[in-house]
Amino acid sequence: MSRLSIHKLRELKANGQRFAMITAYDYPSARLVEQAGVPVILVGDSLGSVILGYDSTVPVTMDDIVHHTRAVVRGTSKAIVVADMPFMSYQANADEAVRNAGRLLQEGGATAVKLEGGSHVVPLVRRMVECGIPVMGHLGLTPQSVNQFGGHKVQGKTPAAAAKLINDARALEEAGAFAIVLETIPAPLARMVTERLSVPTIGIGAGADCDAQVQVFHDMLGIYDDQRKMKHAKQYARLGETIRQAVRTYIAEVEGGQFPTAEHSFEMAEDSLAELSHA
Ligand code: KIV
């Protein structure tokens, strides 16, 4: 079965059909979210925080993303797999940026790449698209610039910042981006951007009027239920507690002798046993 085409997403928008994107970073999570029917999977650089234990996305490398993208691609056959370009993989110079984007398709097997930023990345997006690399844009609270923003603050709140964001979104679309993530911006601004574009907007903390939504796997499944409490994340399960409870039960059963039972053990032929009794 072939993968969904990026062009299908523009069609969904034109038909007013919303869709969900979710992050995945490995084979089992990718399998599960595709089986649940998600059409677009993002191998986000959020893997730095939720998989690798860093306190931001900044330390994530190209090799990290290639490695995790390969696993996600192996776990899927239908979804569009978008690989995030990590910090400093596209900022230093255009040739390196295109080569790195190419690596994510060639070595990682991704369908497309995502990169953060507005007008300053537009020439890069144009060049990548010309080279045959589908690009997803990312505006608003772009986590790779969190040090520049001085924390996780809502972006685009002033008329000037909002107007810049609208212009950046238009420029990204014009350069060939097939979709744009809008992160942590006021809902009315996200609605304006969405109305002005023909490519889908994918919101996270950007209100209900985007064409699509994205959530981080670990946040929506409550794996870090005691840590990453984000206003824009909704917990659909509390897997952290489910896992801890299952492991507690396992420990108790091992310590109490209830596990393993005959059901989890292997028998041996009587005559072999008899022979061994003389050993
Ligand atoms: O890395 C990531 O998970 C992302 C999403 C939050 C959009 O960029």
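Note that ligands are numbered from 1 as they come in the structure, with each ligand's atoms numbered from 1 the same way. Hydrogens, waters and symmetry mates are skipped; everything else that's a heavy atom, side chains included, is used.
When non-hydrogen atoms are compared, ligand 1 lies under 4.0 Å from the side chain of Leu42 (C-beta onward) but not from its backbone. Residue contacts with ligand 1, taken as heavy atom pairs separated by less than 4.0 Å, involve Thr23 solely via side-chain atoms from C-beta onward. With a heavy-atom cut-off of 4.0 Å, Asp84 touches ligand 1 through its side chain alone.
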Between Asp84 and Val43, does the side-chain contact (heavy atoms from CB on, under 4.5 Å) criterion hold? Intermediate values first, please. CA-CA 6 Å; Asp84 236 346; Val43 187; over 6 Å; no
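In terms of polar-atom proximity, defined here as any N/O pair under 3.5 Å, Lys114 does make such a contact with ligand 1. Checked by distance only, ligand 1 and Tyr25 stay at 3.5 Å or farther apart across all their nitrogen or oxygen atoms.
Taking a cutoff of 4.0 Å between a charged side-chain nitrogen and a carboxylate oxygen, Arg196 and Glu173 do not qualify as a salt bridge. The existence of a salt bridge linking Arg127 and Asp95 is confirmed by a sub-4.0 Å separation between a basic side-chain nitrogen and an acidic carboxylate oxygen.
Gln17 and Glu11 form no side-chain donor-acceptor contact under 3.5 Å, judged by distance and modelled atom types alone. Thr69 and Tyr25 share no donor-acceptor pair across their side chains, judged by distance under 3.5 Å alone. The closest side-chain donor-acceptor pair between Ser198 and Arg10 falls under 3.5 angstrom.
Within the 4.0 Å heavy-atom cutoff, His138 counts among the residues contacting ligand 1. For the ligand labelled ligand 1, residue Met21 lies outside the 4.0 Å heavy-atom shell.
Taking the six-membered ring for Trp, His7 and Phe178 have ring centres at least 6.0 Å apart.
Ser46 OG, 3.3 Å is the protein heavy atom nearest to atom 2 (C) of ligand 1.
Short contacts between ligand 1 and Gly44, defined as distances under 4.0 Å to a heavy atom of the residue, involve ligand atoms 1 (O), 2 (C), 3 (O).
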